[in-house]
Amino acid sequence: MAGLLGFLAVWAWRGKPHHKSSDTEQISETAKTLARVVRRQWEDEAILRQLFAPAPLPAVWTPCRRGELTDHGTQANTAIRCHAHDPDELIETFQRATRQRIVVLGPGGSGKTTFAILLLIALLRTRDSDDPVPVLCPLSSFDPSRENARDWLQRRVTEDYSALSDVQRYGTSSIVELLTEHRLIPVLDGLDEVPAARRAAVLAALNETLPADAPLVLTCRTDDYARAVRESAPLANATVLEPTPLGIGDALAALRLAAPTQQRPAWDSLADHLTRNPESPVGHVLTSPLMATMARSVYAGGDRDPTELTDLRRFPDLPAIERHLLDALIPTLYARSRRQAPTGGWGPDEARRYLAFIAQGLSRQGAFDFAWWQLHTWSSALTKPWRRAATWLAITLVGHLVTNPFLVLFFGAPLEIVPMCMAQAAAVVPMFLLSSRVSVLPTRVGHRTGYCALVALSGGLAATPATVPFLPGTNLAHRFLGALAFVGVCLWLVLLAAGLPAPPELPNRGRPGMSRWRQRLPRALGSVACVAVSSAVFFTSYAAYVHRDGEARFLGSLRDGLVIGAVLGTGLALFRWIRSASAASDSETAAETLHADRLLALLGAGACAVLFVLPDAGVRTSIWFPNTVTDLAIVTAFRLLDIGAIGFVLALAACAWPYYVIARIQFAACGHLPWRLQAFLADAHRLGILRRVNSTYQFRHARLQSRLAENPRLPEQRTPLNLLGAQQPPGDAQASGSPPG
C-alpha cells in the first residue's frame, strides 16, 4: 500500500517536465504566434472601441516641456509631432524616440490608452519576421515587493496568452529569450492605476530590472507620474510625450461625420453656438478626447439632440456636462440596443444597476480589472474560512441527500446509512479550514505531499467516528486506527490529484487537444501501465496475506488490481491531458477561460469521486465477491452513491469555476447581478461600455467606473429625449448632483 501510494504521489505531483532552453526555431515560432494573437485581439478591440470608424479623433502628441519628467541623459527631440490616427506618424515617432522608449503622459481622458493601442496595431501591421512584438500589459497587477519586472512580464505574457505555455512547442524559456534579445516591446498601460503607495517602487523597478536600452512604452497621468518621479526617478532614456488640446473644430468635424444625416444640422447649430460663445462649457468639454468620444456615443444614434448641451441652466459648468455624459451613456446605449432587438438584452435601468454593483466591487478593492475568478472575493460566505467551510459542508450534505436515497431504493441499504453518510461529510470542514491557511502551495514535491497528507489526516479524524460503529471487530482502538488510515489515504489520493480545496489564484486554462499526441501517448500509456501493475501487486499481496485458501482468490485479486489500477492510471493521465496548453489559434476571452475551467472542474471532480471510493471498493470486492469484475462495478457504484460526494466536492473546490458559480447565484438572487453574467458582460463590451483585456473586463475609462461607484442610482426622468428645448427645473438637477440625460 505504501509503495502504491508513494508512486501515485510522485506521479501526480511531479514537477514540470525538464526541457532544454528554447532553441532559435522555437523562439521565432513564439514571436510569430504572439504577434498573430496580439494583433487579432487588439484589432478586434479597436473596432469595438470605434478607434478607426467613422473617423478617429485627430489628437496631436508632442514632446513634454517639463524637464523634471525627462531623464537628464535624454535629449528632447522637439521635431517629434504625431497624430494618433496616422499609423505612419506613430511608427516614425517610436523609431525616432531615444532607444525606442516612450512615456505617454496626459490628464485623465486625454487618449493615452488609445495612443498605446494604435501604436501597437501600427507596429504589428508593418512588422517583419525579425521585428520585436509589442504586447500590452496593464500595470495594475505588478507588485515590485513580490517579483521583479522581468519575472512579472514573463508571467503576465504567459498567463494572458496561455498557448505559449506549451513547452513541447515553444520550450521553457522563449518569453525570457524574447525579452533578453529585445524582441518584445512591453506596452505598460496605466501606471496611475497602480496603488499610489507603490507607484514610485514600480518606476524604480522598471529602471533597475529592465535594460536601459530595451524598447518600452509607458502610459500614466501627468500628475501621478510627476509624484512618482519626485520619489524615484524618470524612466531612463525615454522620450516623454503629452497631448495638445483637441481643437474644437476638429472634434465637431469628427462628431458631425459620425452622426446620421438627419442629425447633422443639430451639430451645425452647436458649432454656430460655439462660434458665438467660444468660452462656453461645452466647448471646453469637447476638447477632451474622452468626453468627445462619450458625446459621440450618446448623440450619434440620432435619438438625442446635442444642442441641449448649450443650456446653461442645466449645464452651468464643465463638471455638470461631464456628469451628464457619463450618466447618459449607459441608458442611451441600452435603450438604443433594446430598440434594435426588442425581445432580447437588458433594459437600461437593470443594466445600470448591474454595472454599478460591479463598479462598486472593483472600487472597494482598488482594482480596475473584473476577473470572473475573483468574484468570490466579494462574498463573505466564500472569503472567511469558517463561512467557506460551512458553505461547502452544506453543498456536500445536499449531495448526500441527492445520492443516498438511491442506496435504500435500489441497493436495499438500511435507513441508518443515510445519517452515517451525513456525519462523514464533516470531513470537509477541517480540510477547508487548513487549506485556507496557505495562499500558495509549496513548490517542492515533498512539502506538497506532506501538507496534503496533513490536510487529509484532519479530514480522516473528522470522518472516522461516523465509520467505526459499522466496522467488524471488538477492539475499538484497532477499528478506529484502521478506519482513520484508510479514509485518510483515500482523501490523500484526491488531494494529490486535484490539489487543496481552496480558491486558486488563476483559472485552469488548459483544454483537451490532440496536438503532439504521438509524443504524449507513450508517456500516458506507460503511466497507466505502471499504476495498473502497482495496483495489481498490492491487491494480490493483500489476497495472499489475508486469504490463504486457494489460487482462484489470488487470480481474482490480480484481475481486480489490474482493472482498478487501469482506471486510476487513466484518470490521472486524463488530468494531465486536460491541463495541456490550448492551441495557438485559441483566443483568451473570459467566456473561454470559464468554459475551460468548468470542463476541468467537472471531469476532475468525477474522476476524483471514483478515485476516492475505488480503493475501498476494491478491498470490499476482494473480500465479498472475489470472482467477478461486475461485482467490482456494483460495489464502486454503491460507494459512489454512499460517500462519493466527498471526493467530488473536494475536487470541485480546487477549481475557480465552482466559487464563481456560488458567488454568481448569491448576487443574482439578491438582484445585484444578472443570472447570465457572461452574456451580460459580453453585451456591455459589444456596446462599448466595457473593454476587454484578454480574459478580464475593464470599464472603458476609470472615470466611468468611479462615477458609477459613487452614484449607482439616477433620478427618474421622463423628459423626451429628442425634443429641442425640453427642460426640467434646474434645482432638481443641481440637487441630485447628476443632471439626467
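Every heavy atom of this structure was used, including side-chain atoms; hydrogens, water molecules and symmetry mates were not. This is a predicted model, so every value here is computed, not measured.
Side-chain contact between D272 and L270 is absent, with no heavy-atom pair separated by less than 4.5 Å. For the pair I689/R700, no side-chain contact is recorded, criterion being any heavy-atom separation below 4.5 Å from C-beta on. Between R691 and T113, the closest side-chain pair of non-hydrogen atoms falls below 4.5 Å. L136 places a side-chain heavy atom less than 4.5 Å from the side chain of W42. The shortest side-chain heavy-atom distance between V103 and T239 does not fall under the 4.5 Å cut-off. A 4.5 Å side-chain heavy-atom check between L235 and D71 finds every atom pair outside the cut-off. At a threshold of 4.5 Å between non-hydrogen side-chain atoms, the residues L673 and I358 count as touching. Looking only at side-chain heavy atoms (C-beta outward), L355 and F680 come within less than 4.5 Å of each other.
Under the 3.5 Å distance criterion, with hydrogens and angles disregarded, no donor-acceptor pair is assigned to the side chains of N237 and T98. A donor and an acceptor atom, one from each side chain of E242 and T222, are nowhere located under 3.5 Å apart. Side-chain atoms of Y161 and Q41 include a donor-acceptor pair closer than 3.5 Å. With hydrogens and angles left out, the side-chain atoms of W373 and S695 include no donor and acceptor closer than 3.5 Å.
R96 and E92 are joined by a salt bridge, as a carboxylate oxygen and a charged side-chain nitrogen come within less than 4.0 angstrom of each other. Looking at D160 and R156, a side-chain N of the basic residue comes within less than 4.0 Å of a carboxylate O on the acidic one, giving a salt bridge. A salt bridge links R707 with E710: the distance from a Lys NZ or Arg NE/NH1/NH2 to an Asp or Glu carboxylate oxygen falls below 4.0 Å.
When the options R198, K112, R230, R199 are evaluated for a salt bridge (charged side-chain N to carboxylate O under 4.0 Å, His left out) with D224, the one that passes is R199. The one candidate from L318, D317, I248 that meets the side-chain contact (heavy atoms from CB on, under 4.5 Å) condition with H284 is L318.
The shortest non-hydrogen separation linking T219 to G190 is OG1-N, 2.8 Å. Shortest non-hydrogen contact noted between S232 and A204 is OG-CB, 3.5 Å. Residues A251 and L286 share a closest heavy-atom pair of CB-O, 3.5 Å. When every heavy atom of D192 is checked against every heavy atom of R221, the shortest pair comes out as OD1-N, 3.2 Å.
Every residue two or more places apart in sequence or in another chain was checked for a salt bridge (charged side-chain N to carboxylate O under 4.0 Å, His left out) with D250, and none qualifies. Contacts of H672 classified as ring pair (Phe, Tyr, Trp, His ring centres under 6.0 Å), with partners at least two apart in sequence or in another chain: F357. Applying the side chain to side chain donor-acceptor pair (under 3.5 Å) criterion to Y660, with sequence neighbours excluded, gives Q678. The salt bridge (charged side-chain N to carboxylate O under 4.0 Å, His left out) search around R256 returns D268, not counting sequence neighbours. Take R65 and apply the salt bridge (charged side-chain N to carboxylate O under 4.0 Å, His left out) test, not counting sequence neighbours, and it matches no residue. Annotation: ring pair (Phe, Tyr, Trp, His ring centres under 6.0 Å) contacts of F368 (sequence neighbours excluded): none. Looking at residues two or more places apart in sequence or on another chain, you find no side chain to side chain donor-acceptor pair (under 3.5 Å) involving Q95. H376 pairs by the ring pair (Phe, Tyr, Trp, His ring centres under 6.0 Å) definition with Y659, not counting sequence neighbours. D143 is linked by a side chain to side chain donor-acceptor pair (under 3.5 Å) to S145, counting only residues two or more places apart in sequence or in another chain. Residues satisfying the ring pair (Phe, Tyr, Trp, His ring centres under 6.0 Å) criterion with F94, sequence neighbours excluded, are absent altogether. Under the rule for a side chain to side chain donor-acceptor pair (under 3.5 Å), the partners of H685 that lie at least two apart in sequence or sit in another chain are E45. Checked against salt bridge (charged side-chain N to carboxylate O under 4.0 Å, His left out), R703 has the following partners two or more places apart in sequence or in another chain: E322.
Judged by distance alone, with hydrogens and angles left aside, the side-chain atoms of S280 form no donor-acceptor pair with the main-chain N or O of L274 at under 3.5 Å. Between the R664 side chain and the W675 main chain, a donor and an acceptor come within less than 3.5 Å of each other. At least one donor-acceptor pair under 3.5 Å links the side chain of N207 to the backbone N or O of P234. A side-chain donor-acceptor contact under 3.5 Å links T126 to the backbone of A122. In this structure, the side chain of H701 engages the main chain of G109 through a donor-acceptor pair within 3.5 Å. Distance alone, capped at 3.5 Å, is enough to place a donor-acceptor pair between the T209 side chain and the A205 backbone. A donor-acceptor pair under 3.5 Å links the side-chain atoms of R101 to the main chain of A236, judged by distance alone. Proximity of a side-chain donor or acceptor of D683 to a complementary backbone N or O of A679 within less than 3.5 Å is not detected. A donor-acceptor contact shorter than 3.5 Å links the side chain of R336 to the backbone of V298. Side-chain atoms of D86 come within 3.5 Å of backbone N or O of D88 as a donor-acceptor pair.
Atom SG of C220 and atom CG of L105 lie 6.5 Å apart (nearest 0.5 Å). Expressed to the nearest 0.5 Å, how far OG of S363 lies from CG of L708 amounts to 9.0 Å. Between I321 atom CD1 and E308 atom CD the span is 10.0 Å, to the nearest 0.5 Å. To the nearest 0.5 Å, the span separating OH on Y697 from CG on L690 amounts to 7.5 Å. The CZ atom of F667 lies 5.5 Å from the CG atom of L375; values are rounded to the nearest 0.5 Å. The structure places CH2 of W152 at 5.0 Å from SG of C137, a figure rounded to the nearest 0.5 Å.
A centroid separation of 6.0 Å or more is found between the aromatic rings of W346 and Y334. The six-membered or imidazole ring of F370 lies near that of W378, with a centre-to-centre distance under 6.0 Å.
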Could you walk me through whether T589 and R692 satisfy the side chain to side chain contact (heavy atoms under 4.5 Å, CB included) test, starting with their C-alpha distance in whole Å, then the side-chain angles of each, then the deciding distance to 0.1 Å, before giving a yes or no? CA-CA 8 Å; T589 65; R692 184 172 63 84; 3.6 Å; yes
Stepwise side chain to side chain contact (heavy atoms under 4.5 Å, CB included) test for L216 and I185: CA-CA 6 Å; L216 182 68; I185 305 175; over 6 Å; no
Test side chain to side chain contact (heavy atoms under 4.5 Å, CB included) on L203 and L218 and set out the steps. CA-CA 10 Å; L203 195 55; L218 175 68; 4.2 Å; yes
CA sep, side-chain torsions, deciding dist, call: V133, L124, side chain to side chain contact (heavy atoms under 4.5 Å, CB included): CA-CA 7 Å; V133 181; L124 288 172; 4.2 Å; yes
